[in-house]
J.: 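Right, I'll just put the structure down here and ask away after.
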There are 2 protein chains.
Amino acid sequence: MENKLPTVKEIARRLNVSVSTVSRALSDHPRIGLRTKTRVQELAKELNYEPNAKAIFFKQRKSFIVGVILPFIREEFFSQAISGIEAAAMEHDYTILFGQSYDNPDREKQVVETMKKQRVDGLIISLSKETNKYDHLQALDKYDIPVVYFDRVPQLEQAHKVYCDLYKGTTEMVNWLFNRGYRRVAFINGPDKLSASKERLKGYLEGVSKQKLKIDMQMVETTDLSRESTHEAMKKLLALKHRPHAIVTFNDYVHMDAVQYAEQHNILINKDIAFVSYANLPITNYTAYPPLASIEQYPYGQGNKAMELMIRILNEKGMPTNGARTYHNEKVVPTLVMHQPVIR
Amino acid sequence: MENKLPTVKEIARRLNVSVSTVSRALSDHPRIGLRTKTRVQELAKELNYEPNAKAIFFKQRKSFIVGVILPFIREEFFSQAISGIEAAAMEHDYTILFGQSYDNPDREKQVVETMKKQRVDGLIISLSKETNKYDHLQALDKYDIPVVYFDRVPQLEQAHKVYCDLYKGTTEMVNWLFNRGYRRVAFINGPDKLSASKERLKGYLEGVSKQKLKIDMQMVETTDLSRESTHEAMKKLLALKHRPHAIVTFNDYVHMDAVQYAEQHNILINKDIAFVSYANLPITNYTAYPPLASIEQYPYGQGNKAMELMIRILNEKGMPTNGARTYHNEKVVPTLVMHQPVIR
DNA sequence: CTTTTTTGCGCTACCGGTTGCACGTACGAT
DNA sequence: ATCGTACGTGCAACCGGTAGCGCAAAAAAG
């Protein structure tokens with residue numbers, strides 16, 4: 001025989017009072033007499049009563065669930081980000097509904113759809129690298145589901161965003177390289193569509209220009225971040241008449257692929273050619289050749305901020321709503337982290 | 001002015017029919033006349049009506065949400081596992097509520113509590129390495145929330161489990177090493193509490209015994225999987241009068257820490273001492289010294305199976321429930337994967 | 001001792017759907 | 001003409017709580 005979970009109804013029946021009395025007694029309503037209150041609360045404890053969150057959330061049109069969509073959880077950047085999101089969520093009694101886009105816009109749409117169906121209170125997303133239309137996300141507006149973008153943010157003004165100012169970071173990194181004597185600095189960038197790529201490129205061009213050097217577009221390669229594509233880029237760079245002295249790669253994964261290719265082609269890593277990268281993932285400490293320097297983008301912090309922002313937005317919902325809505329925009333300042341050079 | 005979401009009520013009002021008619025028309029009930037049906041369906045389409053899942057789930061006491069608790073999402077093993085879980089979930093229209101225990105039983109309890117409050121339909125969990133009491137999980141029984149354990153499973157008979165048969169895998173690996181001529185095979189194991197550790201140790205002892213060799217317990221170290229602890233173990237092993245010819249490590253992370261220590265102490269990795277490990281994570285391909293061989297535990301497959309099992313259990317719920325419940329137990333067969341030896 | 005206020009609790013509607021049952025109408029069969 | 005039977009639709013209960021309002025009894029004020 002199934003031992004049904006206790007409900008207010010059950011408690012009310014046993015105590016011969018009404019459900020509303022029970023409800024109020026449990027929430028410590030002042031208008032309930034002390035003796036009834038204690039009777040109710042004691043029985044509740046005895047029965048291990050716990051209010052059915054589903055029912056409450058349903059009534060209050062709130063679930064304390066925020067959807068989180070990431071391209072790939074297996075990338076350490078994102079697993080750190082979700083940890084930051086989770087931490088902030090727990091602190092405010094929110095939970096996370098999880099989904100991956102696998103960098104596929106169709107899949108992304110599908111996951112967004114699922115989240116919408118589940119009526120999450122809000123959605124935090126780092127866009128798939130192929131996503132260039134945002135209809136499926138803007139549609140959430142109608143459902144009153146706020147969206148906070150982080151790291152891979154859309155080119156929209158009307159959106160809440162948390163991201164890293166890679167323009168400045170990249171310029172700094174390029175300067176750092178020049179100061180160290182690397183004259184020909186190559187750059188393996190990501191897909192043009194990605195705003196992250198644009199930022200990086202802008203920063204790179206700015207950095208090179210600052211050195212009063214002519215920009216050599218042969219030094220700039222664009223990839224889709226796949227290993228093959230990175231190897232292709234490396235092939236081109238190594239085939240140049242004047243090989244680069246240093247190579248900046250889009251992130252640590254691209255870095256690892258680039259280094260792998262270079263090693264196979266008898267380049268002494270960080271000696272013949274210096275490698276620098278973005279992300280500063282812990283895992284690079286275990287890799288054969290960590291980059292000489294890496295731009296730390298604080299994924300945990302970004303995720304954390306994104307969730308904090310979401311909670312603020314959610315809390316403001318009841319507020320005055322004085323006509324035009326304001327959109328929040330938070331930049332995280334990246335820092336350049338030097339690594340122990342490893343030359344094998 | 002907020003543009004409220006359409007409800008059945010709204011449709012009913014506009015069409016001057018009752019909500020039940022609308023509801024039935026939308027679910028294509030045979031008793032509704034064709035003309036009404038189309039009228040309703042057309043208006044629904046026009047208003048972009050979508051049923052409120054929360055209301056339905058509430059009524060049906062079902063949410064299509066399954067909780068997933070992992071020790072660390074940043075470990076590739078678990079990020080792959082959750083991907084497997086997610087894939088199976090999507091296929092059956094389930095979603096995942098995510099939480100990490102950070103290998104901390106208190107935190108695990110807290111997360112379980114949260115999931116319970118949210119009334120997830122089921123819970124899939126890989127235990128924290130310190131967890132040795134399961135009350136907080138068995139308590140879910142009362143709430144009719146089934147639990148499926150995977151990889152790090154409890155020592156309980158009365159539980160649904162999906163895990164890897166590492167006993168057999170370890171024996172095979174030890175044999176493989178002996179066949180290759182490694183006579184003294186050391187073993188850096190995880191915490192005793194972990195059933196995974198016990199399995200491995202059993203397999204190791206079995207493997208050594210099969211070679212008709214005396215078991216040397218100096219060759220067996222126990223760690224808590226932290227880097228410090230692994231370095232400590234390595235220190236002891238390297239201090240032995242007869243150093244091991246090969247070292248089996250608990251997993252690829254321990255492997256990396258062990259190798260790091262060995263390298264710092266001028267051991268030629270995989271030449272002076274051979275290293276083999278468990279997990280076979282993709283990331284090891286980028287590391288300085290991948291293990292010579294690794295036991296693939298198919299985390300994606302394990303996660304996938306766990307979710308499939310969960311769905312089966314959930315679907316069986318309505319069924320006859322002929323008294324005693326049966327518990328499912330699925331073993332995944334690991335395989336030994338050889339790697340390109342890298343000796344620098 | 002009446003009037004007003006406070007105290008303690010119940011009735012009922014509501015959130016957004018689903019579903020068993022009843023009711024009225026039209027239609028073919030007897 | 002009468003009866004059984006599809007057919008099409010509405011009423012109302014229900015899921016598990018919350019909350020406004022009303023009402024009686026007790027306490028305070030007049």
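Here is the naming used below: chain letters follow the sequence lines, and residue numbers restart at 1 for every chain.
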J.: In whole angstrom, what separates A/Phe58's CZ from D/dG16's P?
T.: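 After rounding, the reported distance stands at 12 Å.
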
J.: I need the NZ-P distance between A/Lys59 and C/dA13, as an integer number of Å.
T.: 13 Å

J.: On DNA chain D, does the nearest nucleotide to B/Gln60 precede the nearest nucleotide to B/Lys37 from the 5' side, or the other way round? Give the residue.
T.: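 The residue mapped nearer the 5' terminus is B/Lys37.
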
J.: Could you check whether A/Phe150 and A/Tyr163 have their ring centres less than 6.0 Å apart?
T.: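 No, the ring centres sit 6.0 Å or more apart.
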
J.: For B/Val17, report the nucleic acid contact type (base, sugar-phosphate, nothing); a contact means any heavy atom under 4.0 Å.
T.: sugar-phosphate

J.: On DNA chain C, does the nearest nucleotide to A/Arg35 precede the nearest nucleotide to B/Leu26 from the 5' side, or the other way round? Give the residue.
T.: A/Arg35

J.: I need the CG-P distance between B/Leu15 and D/dG8, as an integer number of Å.
T.: 17 Å

J.: Can you measure A/His29 atom NE2 to D/dG17 atom P for me and round it to whole angstrom units?
T.: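 The answer, rounded to whole Å, is 18 Å.
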
J.: Touch check for B/Thr7, heavy atoms < 4.0 angstrom, all strands: base, sugar-phosphate only, or nothing?
T.: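 Sugar-phosphate: the residue B/Thr7, judged by heavy atoms under 4.0 Å, touches backbone atoms but no base.
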
J.: Do A/Lys59 and A/Phe57 form a cation-pi contact, if we require the NZ or CZ to be under 6.0 Å from the six-membered ring centre and within 45 degrees of the ring's axis?
T.: no

J.: For A/Leu5 and D/dC15, what is the distance between atoms CG and C1' respectively, to the nearest whole Å?
T.: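 Atom-to-atom, A/Leu5 to D/dC15, this comes out as 13 Å.
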
J.: Using only side-chain N and O atoms of A/Ser18, determine if any of them is under 4.0 Å from OP1 or OP2 of C/dG10.
T.: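 So the side chain of A/Ser18 is within the cut-off, an N or O lying under 4.0 Å from OP1 or OP2 of C/dG10.
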
J.: Contact class for A/Arg24 (heavy atom, under 4.0 Å): base, sugar-phosphate, or nothing?
T.: base

J.: Would you mind telling me which residue lines up with the more 5' stretch of DNA chain D, B/Val19 or A/Ile56, judged by nearest nucleotide?
T.: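 Result: B/Val19.
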
J.: Within less than 4.0 Å of OP1 or OP2 of D/dT18, is there a side-chain N or O belonging to A/Ser23?
T.: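 For D/dT18, OP1 or OP2 has a side-chain N or O of A/Ser23 closer than 4.0 Å.
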
J.: Taking atom P of C/dT19 as reference, at what distance in whole Å does atom CD1 of B/Ile32 sit?
T.: 13 Å

J.: Please state how far atom CG in B/Asp28 lies from atom P in D/dT9, giving the value in whole angstrom units.
T.: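 In whole Å, D/dT9 P lies 13 Å from B/Asp28 CG.
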
J.: With no angle test and no hydrogens, is the base of C/dC11 tied to the side chain of A/Ser20 by a donor-acceptor pair under 3.5 Å?
T.: yes

J.: I'd like to know if B/Glu308 pairs up with B/Lys305 as an ion pair, taking the criterion as any Lys NZ or Arg NE/NH1/NH2 lying under 4.0 Å from an Asp or Glu carboxylate oxygen.
T.: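 Answer for the salt bridge query: no.
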
J.: How many angstroms lie between atom OH of A/Tyr327 and atom NE2 of A/His160, to the nearest 0.5 angstrom?
T.: 6.0 Å

J.: Give one of base, sugar-phosphate or nothing for A/Tyr49, where a contact means two heavy atoms less than 4.0 Å apart.
T.: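 If one applies the 4.0 Å heavy-atom cut-off, A/Tyr49 turns out to touch the sugar-phosphate alone, with no base involved.
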
J.: Taking OP1 and OP2 of D/dT9, is either one under 4.0 Å from a side-chain nitrogen or oxygen of B/Thr36?
T.: yes

J.: Please verify the inter-ring angle class for B/Tyr94 with B/Phe64; under 30° counts as parallel, over 60° as perpendicular, anything in between as tilted.
T.: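 Aromatic pair B/Tyr94/B/Phe64 classed tilted.
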
J.: A/Arg31 has an atom CZ; how far is it from atom C1' of D/dA25, in whole Å?
T.: 13 Å

J.: If only side-chain N and O atoms of B/Lys9 are considered, is one of them under 4.0 Å from the OP1 or OP2 phosphate oxygen of C/dC15?
T.: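 It does, given that an N or O in the side chain of B/Lys9 lies less than 4.0 Å from OP1 or OP2 of C/dC15.
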
